[in-house]
**Q** 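Please find one structure pasted underneath; my questions will follow.
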Amino acid sequence: MFLIFGTGRPGGRHLNRKVYAIRDFLPIWVSRWRRSHDAGHVVLALSILILPGCSGPQSALEPAGHAAQGIAEIFWWMTAGGIVIWIAVIALTIYAVRTPPEAHSQRRTSYFIIGGGAVVPTIVLTGLLIYGLAPLPALLAPAPEGSLKIFVSGEQWWWRVRYQTSDGEPVVLANEIRLPVDEPVEFRLESPDVIHSFWIPSLGGKIDMIPGRVTRLALTPTKTGVFRGSCAEYCGTSHALMSFYVVVHEKEDFARWLAHQQTLARPPDAPLAARGRELFLASGCGACHTIRGTPANGIIGPDLTHVGSRLSIGAGALPNNAEALLRWIARTEHVKPEVLMPAFGMLPQEELQALAMYLEGLK
Ligand code: CUA
């Protein structure tokens, strides 16, 4: 910009030449660009850039929680401010290109440069900084005393989720969080090895999960529905395959769900599923996984007591059905590179089917 506006200064003759260059070449650049990009392509490209982040279960622009609402407001005000500044800069550019060069007074030019280059940006950026920082204390405030507490641990690459229940009975699950609507909830977040970042864009801001520390995040969902969270910090090979679902229920439905999660795993009815249970226990799966109500009590991998009731497996990597479970068990490494769980593709197909059927039935 100052290259263009600086040309009016006395003695700026070589800069004048640059303005002529821009004026001469601008129409040629525009017409060349038009020839190579028809309108349809332009609209498509803009839509691809703009639209995907605007809605859906993982959009910060479609808030379903108090904190997310505040963050979305900041985003829209900043976007509006950015648009106003952009229009002003473009208007000045057009003015500079179209106005015949003439000598300006040294004083006016200096005022313009100091005002436009230092004073206005300082005022605008200071205002935005204050506006952007003001909501932080509220966003980082702890949840009120007695709020529901959920402990989440970021593992490589999945989420261990534990609810603190009033009667002390454990509710442990993986890659899925269920919440009651309009109730504040406090997340206590940690990680045993590497840094992850816990983020449910529809409900609020993100926060790091740091080994050796417990970070806290208070959220209040305001809408029921299914939302998606993800890890927002690179944490290893399968970082991109580390997401989870958040289901926000009416209060009574949430209480019913939590009570059901406390129950022990239901013994299988179908003979094939019963065979799957036998295989699960005989193949050593219980060394890493817990299924409450069976001898399996491993803690390295996800608790599978009610795995069949979850929306996904492998931390959002696959939908939850028998076919996907079979694929996960047989070809784990293909679904999630460098995952700790070994693949069991050496088992006969019939045994894999039995295992998948058993796990799918753990509702
Ligand atoms: Cu965990 Cu990225």
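Just follow the structure's listing: the first ligand is 1, and inside any ligand the first atom is 1. Position 1 is the first residue of the sequence; numbering continues from there.
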**Q** Answer yes or no: is there an ion pair linking E190 with R188, defined by an N-O contact shorter than 4.0 Å?
**A**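 Answer for the salt bridge query: no.
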**Q** At atom 1 (Cu) of ligand 1, what's the angle from C231 SG to M242 SD, rounded to 10 degrees?
**A**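 Output for this angle: 110°, rounded to tens.
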**Q** Please confirm whether Y163 and W257 have ring centers closer than 6.0 angstrom.
**A**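 Judged by ring-centre distance (under 6.0 Å), Y163 and W257 do meet the cut-off.
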**Q** Could you tell me which N, O or S atom of H196 is nearest to atom 1 (Cu) of ligand 1?
**A**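 For H196, the N, O or S atom at the smallest distance from atom 1 (Cu) of ligand 1 is ND1.
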**Q** Ignoring hydrogens and geometry, is there a side-chain-to-backbone donor-acceptor pair from T222 to A64 under 3.5 Å?
**A**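 Yes, because the side chain of T222 sits within donor-acceptor range (under 3.5 Å) of the backbone of A64.
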**Q** Give the atom name of whichever N/O/S atom in H239 sits closest to atom 2 (Cu) of ligand 1.
**A**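 Nearest to atom 2 (Cu) of ligand 1 within H239's N, O and S set: ND1.
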**Q** Tell me which N, O or S atom of E233 sits nearest to atom 2 (Cu) of ligand 1.
**A**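 It is O of E233.
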**Q** Within the distance-only criterion (no hydrogens, no angle test), does the side chain of W159 pair as donor or acceptor with the backbone N or O of I177 below 3.5 angstrom?
**A**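 It does not hold such a pair.
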